[in-house]
J.: 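Sending over a structure as structure tokens; questions will come in a sec.
Each chain gets a letter, A, B and so on, in the order the sequences are listed, and its residues count up from 1. Model, not experiment: these values are computed from the prediction.
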Amino acid sequence: PSVSLLNQETLQQRLQALIEGARESWTYAIFWQSSYDYSGTVLGWGDGYYKGEEDKGKGKLKASASTAAEQEHRKKVLRELNSLISGSAAPTDDAVDEEVTDTEWFFLVSMTQSFVNGSGLPGQALYNSSPVWVAGPDRLASSMCERARQGQVFGLQTIVCIPSANGVVELGSTELITQSSDLMN
Amino acid sequence: IPSVPQARKASLARFLEKRKERVMSA
């Protein structure tokens with residue numbers, strides 16, 4: 001079953017509170033919602049809150065893994081998504097033509113992903129009923145999970161998946177964050 | 001672009017709105 005609108009609002013507020021209230025600097029939070037089909041439990045997009053990266057230093061250019069062609073592709077997709085949301089008659093939003101950062105793209109792509117129980121970092125956390133904490137570019141790059149490797153390419157240094165009621169909460173950061181019992185609680 | 005289910009559509013709308021705010025305030 002899909003999350004009702006009311007639940008979606010509550011979920012959004014809780015994800016936002018989790019990130020904004022944390023001592024660590026998280027870039028995004030995603031709730032992967034569990035559902036059941038003939039093959040078993042599947043984790044799919046529930047909701048997400050994107051905070052973005054800390055602004056470090058004035059005028060410092062953000063390192064990006066994207067080429068000019070990749071940027072064009074991202075902007076094109078964003079323009080199409082924007083028309084889908086606001087209606088094709090709406091004027092094009094100027095913000096859509098701003099560079100789409102690597103972490104923004106990673107977050108957007110996440111909306112299309114799902115995990116069967118036991119697969120990927122969210123699937124592992126659910127299957128083992130235990131948090132998965134991957135910190136450091138090397139650990140992300142050598143992960144069995146494609147999503148973790150992709151995250152590293154897009155500049156993430158930490159991805160955490162914590163099992164919770166009806167799903168898994170995932171947090172990602174461009175900073176190196178070591179395990180915190182504070183957050184778990 | 002494949003059709004976007006409701007939960008994703010709501011998240012997407014929110015993401016685009018917040019992005020607009022970030023770009024405007026930059």
J.: Would you say A/L171 ends up clustered with A/L176 if hydrophobic residues are merged whenever their side chains have heavy atoms under 4.5 Å apart, either directly or through other cluster members?
T.: no
J.: Do A/F115 and A/V42 share a hydrophobic cluster, counting only Ile, Leu, Val, Met, Phe, Trp and Tyr and linking them when any side-chain heavy atoms are less than 4.5 Å apart?
T.: no
J.: Any chance you could measure A/N82, atom CG, to B/L12, atom CG, to the nearest 0.5 Å?
T.: 8.5 Å
J.: Take atom CG in A/N128; do more than 12 heavy atoms of anything else shown fall under 6.0 Å from it?
T.: yes
J.: Between A/V100 and B/R19, does the side chain to side chain contact (heavy atoms under 4.5 Å, CB included) criterion hold? Intermediate values first, please.
T.: CA-CA 10 Å; A/V100 184; B/R19 182 168 197 270; 3.7 Å; yes
J.: Between CZ of B/R14 and CD of A/Q16, what distance do you get to the nearest 0.5 Å?
T.: 9.0 Å
J.: Roughly how far, to the nearest 0.5 Å, is CD of A/E98 from NZ of B/K20?
T.: 13.5 Å
J.: Kindly compute the distance separating CG (A/L78) from CZ (B/F15), expressed to the nearest 0.5 Å.
T.: 6.5 Å
J.: Is there a path of hydrophobic side-chain contacts, each under 4.5 Å between heavy atoms of I, L, V, M, F, W or Y residues, that connects A/V132 with A/Y127?
T.: no
J.: Applying a strict under-4.5 Å side-chain criterion to I, L, V, M, F, W and Y, I'd like to know whether A/F106 and A/V77 cluster together.
T.: yes
J.: Below 4.5 Å from any heavy atom of chain B, which atoms of A/E104 appear? Answer side chain, backbone, both or neither.
T.: both
J.: Is B/L16 linked to A/L84 within one hydrophobic cluster, defined over Ile, Leu, Val, Met, Phe, Trp and Tyr using a side-chain heavy-atom separation of less than 4.5 Å?
T.: yes
J.: Closest heavy-atom contact between B/A7 and A/G46?
T.: CB-O, 3.9 Å
J.: Once rounded to the nearest 0.5 Å, what's the spacing between atom CD1 of A/I85 and atom CD of B/E17?
T.: 11.0 Å
J.: For residues A/W45 and B/S11, report the shortest heavy-atom separation together with the two atoms involved.
T.: NE1-OG, 2.9 Å
